[in-house]
Amino acid sequence: MFEHYDIIVVGGGHAGAEAAAAGARMGSKVLLITMNLAAIAQMSCNPAMGGIAKGQIVREIDALGGFSGIVTDHTMVQFRMLNRSKGPAMWSPRAQSDRILFSQKWREMLEQIPNLHFWQDMVTEIIVNKGKAIGVQTGFGGAIYSKTVIITSGTFLNGKIHIGRKNFSGGRLGDANATGLTENLKSFGIESERLKTGTPVRVDGRSIDFSKMVEQKGDESPGRFSFLETPTLKRQLSCYLTYTSDEVHDILRTGFDFSPMFAGRIQGTGPRYCPSIEDKIDRFSDKERHQLFIEPEGWTSNEFYVNGFSSSLPEEVQFKALKKIEGFENARILKPGYAIEYDYFPPTQLQFSLESRLVENLFFAGQVNGTTGYEEAAGQGLIAGINACKKIQSQNPFILKRSEAYIGVLIDDLVTKGTNEPYRMFTSRAEFRILLRQDNADQRLTPKGIELGLAEPERLERLTKKESIIADISSFMEKENTSPDAINGYLESVSSAPIKTPQRLGNVLLRPQVSLVGLMNADPKLGGYIYQFSGEPVFEETLESVEIQIKYAGYLEKEKDIAEKITRLEDIRLSDDINYMEFKALSMEAREKLQKIKPQNIGQASRISGITPADVSVLLVHLGR
């Protein structure tokens, strides 16, 4: 009944969608198996993409040739650039999406890839022969064979939903869970553990009094995620802000005795950075109120997502407390909040390619690796799809360094340090975040995407034009002077000291109060030079990059120097057959951790928790360095 495939992707969430698209577009024959073809890349939690550090990941996916940014741009209902008041390393794009259109657009794009096939079924086993994955066993189709397998099953493996004292099997509310696969993988020596996440109530917008809330509009000039010419957002839907209160907290506390989290019925660890409302009021009992963000689900939907009100308390407690929040006095609830507990596989069992160390040709991506969030899952899925294809072609794996991408930081953190709670990306996790900005993801990664065969030639043309304009404007500003008559009026308007003699335009731009747009509007010579490029489609994003590169040139050079030094450690390889237990000069902790993780290079070894500089020196001596 089935052909033989190059890659089988198990699961159709964000990781599975990116993995299947990448593998198929690189020339592999791919089969995507999902339990519900109508729910491909469904937004199971909040209807939004991006955010702090997550937005950078989406732009990196796009720069490499992935689809998440394009889909988001086609389906968003609001766009905001977060952290504009901080430095550009912190600027993070975020978009509210139309939940239904998002999934539909993903399926449309996947179905346009000729060598990508689909099958609706549950995978119950990975077929392994002589330590290599050679296919899968499904509930309906039986054995389906392939050269590689990528597991992207999200929260579905032995998923259990909790609402108060009630609990039942499910991968998400309304969908069955997946059984059998965890037990099958454990038979090959792969370890599994449990995690927990949750989601809040959904409310009928017709019953919400938005006049009692603070409106949050999108940016006046909305941006986009993709570096291609995707649609510009012409109109936007608003989000809203409201707060809990002591009265709300007291009502929620009445349900603590029935809480599966406090009663110990949930064994899995929950997300530290996205706790349930009951966890928040228990851990932060001194807080009089907590913020809630009310997010629209789509252009034509009346459903609203209550971000910040995740809960697994009994429905009646959730509903009673919600009605005491300003704006929700007459709220009608569409779905209760709930917690979901599921299996994951500690990612220290993986190589940097996301291939299993224990079963060859078997890859893992997404929440099964202990992450949380659509963006982290999609980034992993893209890398797993690329590397499954490269494995088939007997090529070296594609691995991003920590200094090259947030995706590189993400995977290095998972493989090197592991996680015992749902992992969430933040800008603070990246030591080179000023190099990993959202505006330069194309400069960092599009050449790699072209080399992989994922990024379209159009991307290279746009990047070449962008870099040419950046170089031209930067060179002009380094050489040309501005005069007091031209810009002192502007400098006074931004509370910056006037100049007394002509000065280089680039030096004036170094002032924190001065912007490139303000400077070019004040100085006719600069404005005339820059506006000659205004017809180029990359014009606006190029101006942003010019300003950042001039203002932060010193910091950028310093970080590049540090990154290059650390990269030298990444180039010192460590063999997989080293027996670290024989190294008497290492502490027992170091021996045990090195033996378990088997770092691939000195750089990775140095980042393992518990490994000291002295331990690194021992390894360098062993290698004769």
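What you see is a predicted model; the values in this text were computed from it and never measured.
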Closest approach of [X] and [Y], non-hydrogen atoms and distance?
{"X": "Ile434", "Y": "Ala89", "value": "CA-CB, 3.8 Å"}
{"X": "Ala95", "Y": "Thr72", "value": "CB-CG2, 3.8 Å"}
{"X": "Ser545", "Y": "Gln443", "value": "OG-OE1, 4.3 Å"}
{"X": "Leu414", "Y": "Asn369", "value": "CD2-O, 3.9 Å"}

May I ask you to check whether [X] and [Y] show a side-chain donor-acceptor distance below 3.5 Å?
{"X": "Asp343", "Y": "Ser192", "value": "no"}
{"X": "Arg357", "Y": "Gln349", "value": "no"}
{"X": "Gln549", "Y": "Ser474", "value": "no"}
{"X": "Glu193", "Y": "Asn420", "value": "no"}
{"X": "Glu547", "Y": "Ser515", "value": "no"}
{"X": "Asn387", "Y": "Ser353", "value": "no"}
{"X": "Thr371", "Y": "Gln380", "value": "yes"}
{"X": "Asp472", "Y": "Ser475", "value": "no"}
{"X": "Asn361", "Y": "Lys391", "value": "yes"}

So, Phe345 versus Phe364, ring centres under 6.0 angstrom or not?
yes
Do Tyr580 and His622 make the cut of ring centroids closer than 6.0 angstrom?
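Aromatic pair excluded; centres sit 6.0 Å or further apart.
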Side-chain ion pair, [X] and [Y], N-O less than 4.0 Å:
{"X": "Glu451", "Y": "Lys448", "answer": "no"}
{"X": "Arg459", "Y": "Asp442", "answer": "no"}
{"X": "Glu570", "Y": "Arg402", "answer": "no"}
{"X": "Arg462", "Y": "Glu467", "answer": "no"}
{"X": "Glu295", "Y": "Arg94", "answer": "yes"}

For Lys417, side-chain contact (heavy atoms from CB on, under 4.5 Å) partners two or more places apart:
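Once residues adjacent in sequence are excluded, the partners of Lys417 under the side-chain contact (heavy atoms from CB on, under 4.5 Å) criterion are Asp413.
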If the condition is side-chain contact (heavy atoms from CB on, under 4.5 Å), which residues does Thr269 pass it with, not counting sequence neighbours?
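So Thr269 forms a side-chain contact (heavy atoms from CB on, under 4.5 Å) with Leu195, Glu421.
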Hey, what do you get for [atom1] ([X]) to [atom2] ([Y]), rounding to the nearest 0.5 Å?
{"X": "Leu157", "Y": "Gln367", "atom1": "CG", "atom2": "CD", "value": "10.5 Å"}
{"X": "Gln56", "Y": "Asn440", "atom1": "CD", "atom2": "CG", "value": "10.0 Å"}
{"X": "Ile151", "Y": "Ile190", "atom1": "CD1", "atom2": "CD1", "value": "7.0 Å"}
{"X": "Gln96", "Y": "Gln216", "atom1": "CD", "atom2": "CD", "value": "9.5 Å"}

Please check if the side chain of [X] supplies one atom and the backbone of [Y] the other of a donor-acceptor pair under 3.5 Å.
{"X": "Thr542", "Y": "Val538", "value": "yes"}
{"X": "Lys598", "Y": "Asp576", "value": "yes"}
{"X": "Thr372", "Y": "Arg424", "value": "no"}
{"X": "Gln236", "Y": "Asp219", "value": "yes"}
{"X": "Ser28", "Y": "Ile7", "value": "no"}
{"X": "Thr75", "Y": "Val71", "value": "yes"}
{"X": "Gln600", "Y": "Gln351", "value": "no"}
{"X": "Thr419", "Y": "Pro422", "value": "no"}
{"X": "Arg224", "Y": "Thr232", "value": "no"}
{"X": "Arg25", "Y": "Gly65", "value": "yes"}

Taking the side chain as C-beta and beyond, is there a heavy-atom pair between [X] and [Y] under 4.5 Å?
{"X": "Met49", "Y": "Glu375", "answer": "yes"}
{"X": "Phe398", "Y": "Ile383", "answer": "yes"}
{"X": "Phe67", "Y": "Glu18", "answer": "yes"}
{"X": "Leu454", "Y": "Ile386", "answer": "yes"}
{"X": "Asn83", "Y": "Ile52", "answer": "yes"}

Counting neighbours of NZ on Lys465 that are heavy atoms of other residues, nucleotides or ligands and sit closer than 6.0 Å, is the number greater than 12?
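12 or below, so no.
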Other residues, nucleotides, ligands: >12 heavy atoms within 6.0 Å of Gln393 CD:
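Yes, the 6.0 Å shell around CD holds more than 12 heavy atoms from other groups.
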Is the NZ or CZ atom of Arg437 positioned over Trp91's six-membered ring, under 6.0 angstrom from the centre and within 45° of the axis?
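Arg437 over Trp91 ring: no.
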Can the positive tip of Arg591 be found less than 6.0 Å from the middle of the six-membered ring of Phe583, inside 45° of the ring normal?
no
ring-ring contact (aromatic ring centres under 6.0 Å, His included) partners of residues 420-468, not counting sequence neighbours, each pair once:
Tyr273-Phe426
Return each pair, listed once, that meets ring-ring contact (aromatic ring centres under 6.0 Å, His included) where at least one residue sits in residues 602-621; pairs must be two or more places apart or across chains.
none
Show every donor-acceptor pair shorter than 3.5 Å between a side-chain atom in residues 553-565 and any protein atom, with sequence neighbours excluded, or say none if there are none.
none

Hey, what's the ring geometry for His14 with Tyr374, parallel, tilted or perpendicular (30° and 60° as the breaks)?
parallel
Return the set of residues passing side chain to side chain donor-acceptor pair (under 3.5 Å) with Thr199 (not counting sequence neighbours), or none when no residue passes.
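Counting only residues at least two positions away or on another chain, Thr199 forms a side chain to side chain donor-acceptor pair (under 3.5 Å) with Arg202.
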